[in-house]
Amino acid sequence: MPTQARGYRTRSALVLAAAYEVDRTGDASLSGVCRRAGVSRGALSHHFSGKQDLLRALRDEARGTLRLLLRHFVADRRPVAEALCRLAEELFRRLRQDVVLRSGLALLDAREVAALQSQFTCLVRRRIAREQRTAASAPGPALAATLVVSVFGGLEALGRRDPRWWCLAESVGLWRQLGRALAEPEAV
């Protein structure tokens, strides 16, 4: 196997091992990461300068996945309510199944979370405004966007304690109800 491919595989295994450690314990010991990844401490040192560098890589991968999901939301040409339903289904499915996303997001500090929430709010507000043919700064789209982001944030937090919340978000039609409210701006 070419050296570059082996190096990529080792680096990916280390990030994945760190994600499992964080998911299980809330932190990652380097010895535990190496053991789980099946690599030596030297291999870890070759790819990462230390624990903080490894955890930064984990956060970066999670942010990358989240950015990809948001790009799909922005590009989605369906009505905003349907696009939000699809985003919710995909995000919560991935949170249940993708330990790197789940652990990486759990490691974000308050400043990073606030920046992501602000970006998401802005994207949702623009989509709603475009669909309603109003200014993005109008009270309707701004309030609706805040409501949507609050629901996403609340379900993400609840799901950390009990992952059934991430299934519940899909199964009880919460997003369909929210979609109906978005379709009728005066209802928000």
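Everything quoted here is computed from the prediction, not taken from an experiment.
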List the atom pairs, with distances to 0.1 Å, where a side-chain N or O of residues 149-157 and a protein N or O form a donor-acceptor pair under 3.5 Å, not counting sequence neighbours.
residue: S150; atom: OG; partner: T146; partner atom: O; Å: 2.8
residue: E156; atom: OE2; partner: R160; partner atom: NE; Å: 2.7
residue: E156; atom: OE2; partner: R160; partner atom: NH2; Å: 2.7

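When hydrophobic residues (I, L, V, M, F, W, Y) are linked wherever their side-chain heavy atoms come within less than 4.5 Å, the members clustered with L55 are L14, V15, L16, Y20, V22, L30, V33, V39, L44, F48, L54, L58, V99, V100, L107.
The salt bridge (charged side-chain N to carboxylate O under 4.0 Å, His left out) search around R78 returns D76, not counting sequence neighbours. R35 pairs by the salt bridge (charged side-chain N to carboxylate O under 4.0 Å, His left out) definition with nothing, not counting sequence neighbours. For E112, the side-chain hydrogen bond (donor to acceptor under 3.5 Å, both in side chains) test picks out R63, with sequence neighbours left out. With sequence neighbours excluded, no residue satisfies salt bridge (charged side-chain N to carboxylate O under 4.0 Å, His left out) with E61.
Side-chain contact between V148 and V80 is absent, with no heavy atoms from C-beta onward closer than 4.5 Å. A 4.5 Å side-chain heavy-atom check between L105 and L95 finds at least one atom pair inside the cut-off. Within the 4.5 Å cutoff, the side chain of H72 has no heavy atoms near those of the L87 side chain. Annotation: side chain of D27 is not in contact with side chain of E21 (no heavy-atom distance under 4.5 Å). Contact check for R24 versus R36: side-chain heavy atoms found under the 4.5 Å cut-off.
L68 is not connected to L116 by any chain of hydrophobic side-chain contacts under 4.5 Å among Ile, Leu, Val, Met, Phe, Trp and Tyr, and they are in different clusters.
Side chain of D53 to backbone of S49: a donor-acceptor contact under 3.5 angstrom is found. Judged purely by atom type and a 3.5 angstrom limit, S118 has no side-chain atom pairing as donor or acceptor with the backbone of A114.
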Query raised in the report: What's the verdict on side chain to side chain contact (heavy atoms under 4.5 Å, CB included) for R125 and F120, showing C-alpha distance, side-chain angles and the deciding distance?
Result: CA-CA 8 Å; R125 187 174 57 235; F120 185 37; over 6 Å; no

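How far CG of L66 is from CZ of R94: 10.0 Å, rounded to the nearest 0.5 Å. Between the OG1 atom of T10 and the NE2 atom of H46 there is a distance of 8.5 Å, given to the nearest 0.5 Å.
Taking each heavy atom of A19 and S103 in turn, the nearest pair found is O-OG, 2.7 Å. The two residues S40 and C34 come nearest to each other via the heavy atoms O-SG, 3.8 Å. Scanning both residues, I128 and A144, for their nearest heavy atoms gives CD1-CB, 3.6 Å.
A donor-acceptor contact under 3.5 angstrom links the side chains of Q97 and R93, judged on distance only.
Note on E89 versus R86: no salt bridge recorded, every NZ/NE/NH1/NH2 to OD/OE distance being 4.0 Å or above.
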